[in-house]
Amino acid sequence: MNDLLNELNEAQRVAVESAKGPVMIIAGAGSGKTRVITYRTAYLIHSVGASPHQILALTFTNRAAAEMRERIETLLGNGSTDGLWIGTFHANFARLLRQHISALGFTSNFSIYDAEDSQRVMKDIMTELGLNAQTLSPNTVQSKISAAKNKFILPAEFEQTARDYVDEKIAHIYRRYAERLRKNNALDFDDLLIKPIELFLQRPDILEFYQSRFAYLMIDEYQDTNRAQYLVSKMLAAKHRNICVVGDDAQSIYSWRGADISNILGFQQDYPDAVTVRLEENYRSTKVILKAANSIIKRNREQLEKKLFTQNETGEPITLMVADDERREADKISFAIRNLKVTKGFSNRDFAIFYRTNAQSRAIEDALRANAIPYKIFGNISFYKRKEIKDVVAYLRFALNEQDEESLLRIINVPTRGIGETSLDKLRQLAASEGVSIYDVMKRAAMYPDVPVRLISPLGEFRMLIESMQETAKKYSAYQVVAELYEKTRLLELLKQENTSEANARYDNLQEFLSLAKSFSDQNEGDDSLKTFLENVSLVNETEDKDESDNKVSLMTIHSAKGLEFPVVFVSGLEEKLFPLNPDDAKDLEEERRLFYVAVTRARQKLHVTYAKSRYRFGNLQPTLKSRFIDELDGDVVQTESGQFLRDLRAAEKEKKRIVRDDYSQETYEDFSEFSDNWKRPERKSASPKPSTLPTSPALSIGMKVQHKIFGSGKVIALQGVGDDAKVRVFFKTAGEKTLVVKYANLTPYN
DNA sequence: ATTCCCTTGATTTTT
DNA sequence: TCAAGGGAAT
């Protein structure tokens with residue numbers, strides 16, 4: 001162990017050796033955070049004498065958990081992590097709930113609903129309540145309910161605090177939603193975090209058990225925890241107070257998902273005796289890249305003090321690339337990659353291209369393909385979100401959990417069995433009037449005279465299929481169950497018959513799922529049960545194997561880049577309203593800035609920042625504005641393609657402005673003026689080429705009363721943007737606040 | 001009951 | 001631009 005400690009720097013060593021009491025490790029980008037966590041765990045086991053099963057390590061991603069487990073095993077030997085609870089909040093608490101959830105009126109075979117499943121339930125409830133999806137969008141409902149759950153606000157409290165019409169409706173939906181999930185014996189993603197809290201509140205004995213057991217608590221990415229996660233970790237740590245949180249407030253990028261940065265900012269208040277360790281030496285990047293990173297993050301107000309430094313070499317300047325449009329931008333990136341491969345000997349796997357929104361990947365993909373550069377996309381539309389896969393999963397879920405009506409409804413007519421909307425309504429009504437579940441009615445279909453005769457046989461077959469799968473699940477592996485399902489439903493044959501490209505893709509996906517089940521069953525001989533398999537499917541939907549062996553360029557959103565590093569990085573789309581996506585909101589802006597910080601600090605040796613002067617948006621080519629983030633970069637370390645430093649260009653621009661004053665006729669394409677000028681200029685620019693778009697929208701002003709086709713009457717509370725892009729925020733009496741695109745909203749002013 | 005076409009409407013990030 | 005949902009046709 002002493003040898004291990006010698007591999008650490010001073011701060012890292014302090015972090016590792018602070019085994020007892022509350023500890024906060026502020027780990028700057030590239031400062032060896034993972035190394036510290038793994039060494040600390042090894043230290044706990046090896047030197048402090050903790051048993052692995054006394055340690056609970058919570059991570060944000062499965063990837064991080066897997067990496068840590070692997071590295072601990074490397075340090076301490078195979079099998080050393082047996083009994084160690086290391087994984088995401090969701091995975092660990094799902095495991096805990098499987099043990100104890102009967103205390104909350106669920107059974108241990110509960111289903112886990114993803115966001116899509118839960119939105120289906122909400123939509124269904126809205127229909128039941130006669131709520132128009134037009135006035136109240138299911139998206140809003142879902143995000144509000146989820147936000148409430150993340151803050152551990154239960155339906156009762158939500159109802160009490162509901163102020164306006166919309167919130168009252170949502171409160172109503174929330175209550176029903178909770179009831180429905182209970183009836184279905186299902187938990188959604190947020191429940192995995194808040195049910196443990198409810199459990200602990202109701203059953204102090206169970207809390208006490210885990211408090212005693214988990215003598216050591218470690219939480220990674222603490223800046224991205226939400227209130228529920230905060231509460232549950234506080235509860236668990238209350239007894240031993242050996243809580244170690246690791247994070248970097250500068251890399252907090254999930255506030256939109258309920259992450260609460262004050263968790264990390266307030267750790268000292270929660271634990272006044274906490275030891276704080278700052279890891280500020282960066283081992284990843286060049287001095288140039290760190291200088292750029294520091295110049296970005298210093299613009300943010302709310303942050304813990306820290307300053308990254310490195311002993312690495314100075315490195316290449318950052319290259320700023322400007323293109324006419326997104327296709328040219330993608331071309332330039334491709335060209336740069338080809339060039340670097342030839343001149344500097346990089347290979348494909350050394351490159352990563354980041355973008356703010358998934359939609360941007362398209363142009364880049366096209367260009368890479370055209371240039372014969374192999375690539376892979378991370379965090380793509382998840383395999384498990386595909387319809388055919390969700391159908392199969394619904395079968396498996398239902399076989400395990402007959403209460404799961406959501407899944408039942410999904411598969412009842414897959415493949416088609418002639419049980420359509422009308423038949424289903426019949427069954428539903430019957431179930432309601434008899435006070436039993438739909439599946440109960442289906443099971444005893446023949447006994448109900450109201451069930452149409454032609455349904456009897458398909459219902460019987462369905463039932464036999466489910467029962468047979470249940471039998472198989474009891475005795476054999478998950479793979480066997482999936483295989484049986486395929487065989488009996490003839491899903492694959494049916495798709496093969498269709499023989500369209502779409503059907504073939506589905507066919508492949510189903511095959512892929514089968515092999516997944518196979519490899520799961522082969523690899524988990526100890527527990528290859530359907531139940532465990534399904535849990536994996538629900539919580540570990542990372543199909544992205546970061547397989548080092550395939551030598552490809554990586555494409556991903558910046559969010560999914562967190563925790564990774566690449567020798568050469570391209571950050572694309574540095575344009576106002578794209579990155580930062582919503583520059584008007586100060587709070588969002590700080591988070592976008594942190595996102596940019598994350599992007600920049602992924603690079604080891606060479607960074608490129610790119611933007612396009614125009615980009616297709618909403619179907620038409622629109623001029624763009626260079627992102628303010630470019631102006632915020634330290635001019636000493638950024639070069640244009642022609643090799644000029646930004647610092648010099650900015651000075652020249654300033655000088656020119658002083659002489660020419662208001663004459664913008666000589667304006668060059670490359671605009672390196674300071675942000676304040678840059679920001680004001682668009683209206684001048686866009687006013688002359690496209691005046692026609694403005695008159696089409698009625699002149700709106702704040703305070704004006706307007707009429708909307710669907711939402712009725714409302715009052716304008718804010719305006720933003722110009723031309724086709726102009727948006728208006730309106731408060732409607734019945735629908736609450738809405739942001740509408742003026743061009744499409746068709747608002748009629750009235751008095 | 002299913003399929004296909006057309007309209008509509010919405011544009012972020014995802015454990 | 002493009003995806004999804006609704007409605008009409010078969």
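Residue numbers start from 1 in every chain, and the chains themselves are labelled A, B, ... in the order their sequence lines are given, proteins ahead of strands. These numbers come from a predicted model, not from an experiment.
- For the pair A/Asn358 and B/dT12, the criterion of a side-chain N or O lying under 4.0 Å from OP1 or OP2 is not met.
- Of the candidates A/Ile296, A/Leu595, A/Leu589, A/Leu589 is the only one forming a side chain to side chain contact (heavy atoms under 4.5 Å, CB included) with A/Phe629.
- Shortest non-hydrogen contact noted between A/Ala599 and A/Val569 is O-CG1, 4.2 Å.
- Along DNA chain B, the nucleotide nearest A/Asp190 and the nucleotide nearest A/Gly418 are compared for position; the residue whose nucleotide lies closer to the 5' end is A/Gly418.
- Between A/Asp114 atom CG and B/dT14 atom P the separation is 15 Å, expressed in whole Å.
- Across the protein-nucleic acid pair, A/His559 atom NE2 and B/dT12 atom P stand 13 Å apart, rounded to whole Å.
- In this structure, A/Glu632 pairs ionically with A/Arg593, as a charged nitrogen and a carboxylate oxygen lie closer than 4.0 Å.
- Rounding to whole angstrom units, CD of residue A/Gln223 and P of B/dT15 are separated by 15 Å.
- Between A/Thr225 and B/dT15 there is no side-chain polar atom (N or O) within less than 4.0 angstrom of OP1 or OP2.
- An aromatic stacking contact between A/Tyr254 and the base of B/dT15 is absent, as defined here by ring centres under 5.5 Å apart and ring planes under 30° from parallel.
- Across the protein-nucleic acid pair, A/Tyr384 atom OH and B/dT14 atom P stand 18 Å apart, rounded to whole Å.
- No donor-acceptor pair under 3.5 Å is formed between the side chain of A/Asn413 and the backbone N or O of A/Thr416.
- Regarding A/Gln360, its CD atom lies at a distance of 15 Å from the C1' atom of C/dT1, rounded to whole Å.
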Using the 3.5 Å cut-off, write out each protein N or O paired with an N or O of nucleotides 2-9 of chain C and the distance between them.
residue : atom : partner  : partner atom : Å
C/dC2   : OP1  : A/Arg362 : NH1          : 2.3
C/dC2   : OP1  : A/Arg362 : NH2          : 3.4

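- Here B/dT14 presents its P atom at 11 Å from CD1 of A/Ile558, a figure rounded to the nearest Å.
- Look at A/Asn413 and you'll find a side-chain N or O under 4.0 angstrom from OP1 or OP2 of B/dT2.
- By the ring-ring contact (aromatic ring centres under 6.0 Å, His included) test, A/Phe214 is found to be paired with A/Trp85, A/Tyr210, residues two or more places apart in sequence or in another chain being considered.
- As rounded to whole Å, 11 Å separates atom C1' of B/dT12 from atom CD of A/Glu591.
- A/Glu590 is linked by a salt bridge (Lys or Arg N to Asp or Glu O under 4.0 Å) to nothing, counting only residues two or more places apart in sequence or in another chain.
- If you check distances only, the side chain of A/Arg617 never reaches the base of C/dT1 with a donor-acceptor pair under 3.5 Å.
- When the nucleotides B/dT13, B/dT2, B/dA1 are ranked by their closest atom to the side chain of A/Thr416, B/dT2 comes out on top.
- Between A/Arg594 and A/Glu591, at least one side-chain nitrogen of the basic residue sits less than 4.0 Å from a carboxylate oxygen of the acidic one, meeting the salt-bridge criterion.
- Using a 4.0 Å cut-off, no side-chain N or O of A/Asn139 falls inside it from OP1 or OP2 of B/dA10.
- Listed pair A/Ser560 / B/dT13 fails the phosphate criterion, with no side-chain N or O lying under 4.0 Å from OP1 or OP2.
- Taken to the nearest 0.5 Å, the OG1 atom of A/Thr610 stands 13.0 Å off from the OH atom of A/Tyr355.
- Residue A/Asn582 contributes atom CG, which lies 13 Å from atom P of B/dT11 at whole-angstrom precision.
- Residue A/Thr557 has a polar side-chain atom (N or O) positioned under 4.0 Å from OP1 or OP2 of B/dT14.
- Of the C1' atoms belonging to B/dT12 and C/dG5, the separation is 22 Å, rounded to the nearest Å.
- Candidate nucleotides B/dA1, B/dT15, B/dT12 were compared by shortest atom distance to the side chain of A/Thr422, and B/dA1 ranks first.
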